[in-house]
S.K.: 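Following this message is one structure expressed as structure tokens.
Every chain is numbered from 1 and lettered A, B, ... according to where its sequence line falls, protein lines coming before strand lines.
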Protein chains: 2
Amino acid sequence: MTVERSAPPTISEVAAEAGVGRATAARTLGGYGYVSPELRSRVLAAAERLGYRANALARSMSTGVSHTLGVIVADIGNPFFAGVVRGISDASRARGFDTIVLSTHESLDEEIAAMHVLIDKQVDGIVVASAALGPKTSAHIAEAWSRGIPVVLVDRAVPGLELDAVVIDNREAAREAVTALIAAGHRRVGFVWGPPIAGRPDRRRDLVDAAARNLWTDGERLRGYLDALDDAGLPFDADLVMVGEKTEERAIAEVERMLGLDDRVTALFCTETDAVTGALRAIRATGFRVPADVSLIGFDDSSWAAVMEPPLTMIEQPMLALGTRAAEVLLALIDGAPRSQPDGAFRHTLDTRLVERSSVAPPSA
Amino acid sequence: MTVERSAPPTISEVAAEAGVGRATAARTLGGYGYVSPELRSRVLAAAERLGYRANALARSMSTGVSHTLGVIVADIGNPFFAGVVRGISDASRARGFDTIVLSTHESLDEEIAAMHVLIDKQVDGIVVASAALGPKTSAHIAEAWSRGIPVVLVDRAVPGLELDAVVIDNREAAREAVTALIAAGHRRVGFVWGPPIAGRPDRRRDLVDAAARNLWTDGERLRGYLDALDDAGLPFDADLVMVGEKTEERAIAEVERMLGLDDRVTALFCTETDAVTGALRAIRATGFRVPADVSLIGFDDSSWAAVMEPPLTMIEQPMLALGTRAAEVLLALIDGAPRSQPDGAFRHTLDTRLVERSSVAPPSA
DNA sequence: CTGTTAGCGCTTTCAA
DNA sequence: TTGAAAGCGCTAACAG
């Protein structure tokens, strides 16, 4: 008892039905070339009658353009990336492009595989939040380019890769946040969600090196933290930075540790949502209070942060704008705009905003 | 100073390079048919040398399958849908399918357009969280089916449409939550995020009718609320349900109103994240406290809810599972599994969980 | 302005 | 086993 269905009508059938040549049907239905009003309406009527719909694949086959963009992110389920993808999606849809989105689960191998999928599917361009750390790990990106597929980076720049990248100034945003903490009087501010390394580095330099070997955004945020310390002439203390796996559990453990130090932390800078919630749990578990006992600023504002008790001071990232901008840059490239200059990559830096609420107060005496 | 790039190598070029017929190259590269080890390795070597990559479009053209799934949701930027999409994406990727995702911004017209885009792009199947209210507004879904493209619904069933639908039991989940509130002693519980209608309906029946003319999930949740009231023998009071636009602002206004009633609300059931944050803001603005003055339960648990002060009791939806399950059902359909039975649609109902935390307490005397 | 013809790159009979 | 040739549905020259 299956539904009866014949093969979808092709343009030839429409032409036959309308009693015109195939090209004429193609011209009116494809919206190109000249067709007399007379034939035009006959074709349209025939198409209507048959329920004709163009086969986009066949069209792409002969034109060489798919009107499809590829998007590669670590995790489409993450609200941040979801927002970015929404931006890309809206901006490209407005220009007639659809998007294929692939999640890499933060794995470089999956990112490479994703890139191949997109190349094979003949997308017209790709925007990627890459896990690549430098030119040596980004051959797949260069490969897309060499095959004529423009690529723009979003959220994460790749040091040494001369490509358009739509990002925020993570370093400056972090510095601003930590500076605010210091300005409130804090001298012991913890950094939550550090580089995922096993041991605790003794020297500041080792930490920076480790960060450079990991996610670009994380490294930049760490540098911004260090910058703020330097600006204020505060000493660096390895005990105040979280190391190890980037999980909420680990954040809880690390923050509890920092809170248990003889010269305990009085303020926390959290670089991601899970770091914030982890820190909050740790603070609560140890009986401290925000902001009376410990101040806190986190990355990635959300509607929840505003209804917390107390409302949280957060760094707001322009998620949608990152996406729309990336799509615009990519679309321009597809239209033939010149790519990055030989003397350095184009960096499109979008503004962040420190949304001041009530989680920052002077340290208790 | 542009990068030199020749047209990507085709299978013919690989064949020539390997000194074999085109079909032989196609057979080894396509992984089908028989090829002698001898020629096989020669082809592979040639492909490697030329940097050959299959053109998936051309392949789809001749095989008729695109190994691509279409996904239509209201807003990919919404964490809930992002989670669902992540589930779909992971499950389908594991089976070699990629996904094109389209956001409709909750507009039926955009949904119809999206459906056409996917049909034109020859996707092998579609999963949609539809805004359609019934058979009359879901012609586009039937159209996809009639063209041989399987469709499965996710999150939102469409009454009267006999299609596989992967959903949760919204009515039961709502009833459970409201029952918990009533069990705590509340007799005046408000319903936040009601049907988007202009005026306040006098009669309960008008409200239910209005709900039926709107989003399926919303209607079900309202029915569950009503069920709980009935179970407990509590009277329905139109003043306790929010009506109007579904925005956080409106929720704030409505909750403030309910809190200002002579016989004010002492508990709130919020059907969505923004309803929860709106309610929280209103409660705070009016000087009340959770749960001392007003209890609250909301839909869509998140990591934030657990770190609120107090931690919020919430209904947890299996976002990822909704997605993976929908993908599995769709993939099975693509594989030729029989679709819904003539005597009713297949409903795949996933469990929700009421995560009890501390936002529910007996009403204050 | 319209129709004919030749591809786009791949798969798939069909002979050899 | 392998190769030649046809065809998927559409666009794009090129005549007419």
Side-chain angles (χ1 to χ4, degrees), chain A residues 6-44 46-47 50-68 116 119-124 147-149, chain B residues 6-44 46-47 50-68 116 119-124 147-149:
Chain A
S6 40
T10 71
I11 216 164
S12 303
E13 308 184 49
V14 174
E17 169 84 10
V20 304
R22 201 189 347 187
T24 302
R27 273 190 277 260
T28 97
L29 264 11
Y32 59 93
Y34 299 95
V35 178
S36 67
E38 156 72 17
L39 293 192
R40 170 177 199 71
S41 59
R42 258 166 57 197
V43 170
L44 257 18
L50 267 37
Y52 171 80
R53 291 222 53 95
N55 180 329
L57 255 37
R59 183 169 285 171
S60 298
M61 211 50 273
S62 38
T63 60
V65 299
S66 60
H67 281 280
T68 304
H116 283 157
I119 290 174
D120 293 355
K121 283 222 154 93
Q122 313 290 118
V123 298
D124 296 331
R147 286 172 191 273
I149 303 175
Chain B
S6 40
T10 71
I11 215 162
S12 304
E13 309 185 49
V14 174
E17 170 83 10
V20 304
R22 203 200 335 201
T24 302
R27 274 190 278 259
T28 97
L29 263 12
Y32 58 92
Y34 299 95
V35 178
S36 66
E38 157 71 18
L39 292 192
R40 171 178 197 70
S41 58
R42 257 165 58 198
V43 171
L44 257 18
L50 266 40
Y52 171 80
R53 291 223 54 98
N55 179 329
L57 256 38
R59 184 169 285 172
S60 298
M61 202 67 259
S62 39
T63 60
V65 300
S66 60
H67 280 280
T68 304
H116 284 157
I119 290 174
D120 294 355
K121 283 221 154 93
Q122 312 291 115
V123 298
D124 297 330
R147 286 174 191 271
I149 303 175

S.K.: Rounded to the Å, how far apart are Lys121(A) NZ and dC8(C) P?
M.R.: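 Value for this atom pair: 23 Å.
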S.K.: Measure the CG-CZ distance between Leu29(B) and Arg40(B) for me, rounded to the nearest 0.5 Å.
M.R.: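 So the CG of Leu29(B) and the CZ of Arg40(B) are separated by 9.0 Å.
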S.K.: Under 3.5 Å, which N/O atoms of the protein pair with N/O atoms of nucleotides 12-16 of chain D?
M.R.:
none

S.K.: Side chains of Asp120(B) and Arg59(A): does their closest heavy-atom pair fall under 4.5 Å?
M.R.: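 A side-chain contact is absent here, since even the closest heavy-atom pair is not under 4.5 Å.
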S.K.: Between atom NE2 in His67(A) and atom P in dT11(D), what is the gap in whole Å?
M.R.: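 One finds 11 Å between P of dT11(D) and NE2 of His67(A), rounded.
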S.K.: Would you kindly compare Ser12(A) and Arg40(B) by the position of their nearest DNA chain D nucleotide and give the one closer to the 5′ end?
M.R.: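 Nearest-nucleotide comparison on DNA chain D picks Arg40(B).
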S.K.: Looking at Thr24(A), does any N or O in its side chain come under 4.0 Å of the phosphate oxygens OP1/OP2 on dG3(C)?
M.R.: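 Checking dG3(C) against Thr24(A), a side-chain N or O does come within under 4.0 Å of OP1 or OP2.
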S.K.: Take atom CD of Gln122(B) and atom P of dG9(D), then tell me their distance rounded to the nearest Å.
M.R.: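 About 9 Å, once rounded to whole Å.
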S.K.: Respond yes when some side-chain nitrogen or oxygen of Tyr34(B) is under 4.0 Å from OP1 or OP2 of dG3(D), and no when none is.
M.R.: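 For Tyr34(B), the contact criterion (side-chain N or O under 4.0 Å from OP1 or OP2 of dG3(D)) is not met.
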S.K.: Using modelled atom types and a 3.5 Å cut-off, is there a donor and acceptor pairing between side-chain atoms of Arg42(B) and backbone atoms of Ala18(B)?
M.R.: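 A pair under 3.5 Å: yes.
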S.K.: Starting at CG of Leu29(B) and ending at P of dG3(D), how long is that distance when rounded to a whole Å?
M.R.: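 Leu29(B) atom CG is separated from dG3(D) atom P by 14 Å.
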S.K.: Is any side-chain heavy atom of Leu39(A) closer than 4.5 Å to a side-chain heavy atom of Thr28(A)?
M.R.: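 Side-chain contact under 4.5 Å: no.
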S.K.: Which heavy-atom pair separates Lys121(A) from His67(B) by the least distance, and what is that distance?
M.R.: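 Shortest heavy-atom separation between Lys121(A) and His67(B) comes out as NZ-O, 3.3 Å.
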S.K.: Drop me the distance from Ser66(B)'s OG to Ile149(B)'s CD1, to the nearest 0.5 angstrom.
M.R.: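 Reported value, rounded in 0.5 Å steps: 8.5 Å.
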S.K.: Given that Met61(B) and Gly21(B) both sit by DNA chain D, which one's nearest nucleotide is further toward the 5' end?
M.R.: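 Result of the comparison: Gly21(B).
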S.K.: So do the side chains of Asn55(A) and Met61(A) get within less than 4.5 Å of each other, counting heavy atoms only?
M.R.: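 Contact flag for Asn55(A)/Met61(A) side chains = no.
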S.K.: Answer yes or no: does a side-chain N or O of Ser36(A) lie under 4.0 Å from OP1 or OP2 of dT2(C)?
M.R.: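 Yes, such a contact exists.
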S.K.: Just the rounded figure in Å: distance from P of dC8(C) to CD1 of Ile11(B).
M.R.: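 Between P of dC8(C) and CD1 of Ile11(B): 14 Å.
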S.K.: Side chains of Val43(B) and Val20(B), heavy atoms from C-beta outward: is any pair under 4.5 Å?
M.R.: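 Yes, their side chains come closer than 4.5 Å.
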S.K.: Taking atom CG of Leu57(B) and atom CD of Gln122(A), what is their separation to the nearest 0.5 Å?
M.R.: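 If I round to the nearest 0.5 Å, the distance is 5.5 Å.
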S.K.: To the nearest angstrom, how far is Leu57(A) atom CG from dT11(C) atom P?
M.R.: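 Atom-to-atom, Leu57(A) to dT11(C), this comes out as 13 Å.
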S.K.: When the axes are fitted on five pairs at both termini, how much does the helix from dC1(C)-dG16(D) to dA16(C)-dT1(D) curve, in 10° steps?
M.R.: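 The angle separating the two end axes equals 40°.
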S.K.: Across the strands shown, which category fits Leu39(B) at heavy-atom distances under 4.0 angstrom: base, sugar-phosphate, nothing?
M.R.: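 Sugar-phosphate contact only.
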S.K.: Of the listed nucleotides (dT11(D), dT11(C), dG9(C)), which one gets closest to any side-chain atom of Arg59(A)?
M.R.: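 Within the option list, the nearest is dT11(D).
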S.K.: Tell me the interatomic distance from Asn55(B), atom CG, to dT11(C), atom C1', rounded to whole angstroms.
M.R.: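 The distance from CG of Asn55(B) to C1' of dT11(C) comes to 13 Å, rounded to the nearest Å.
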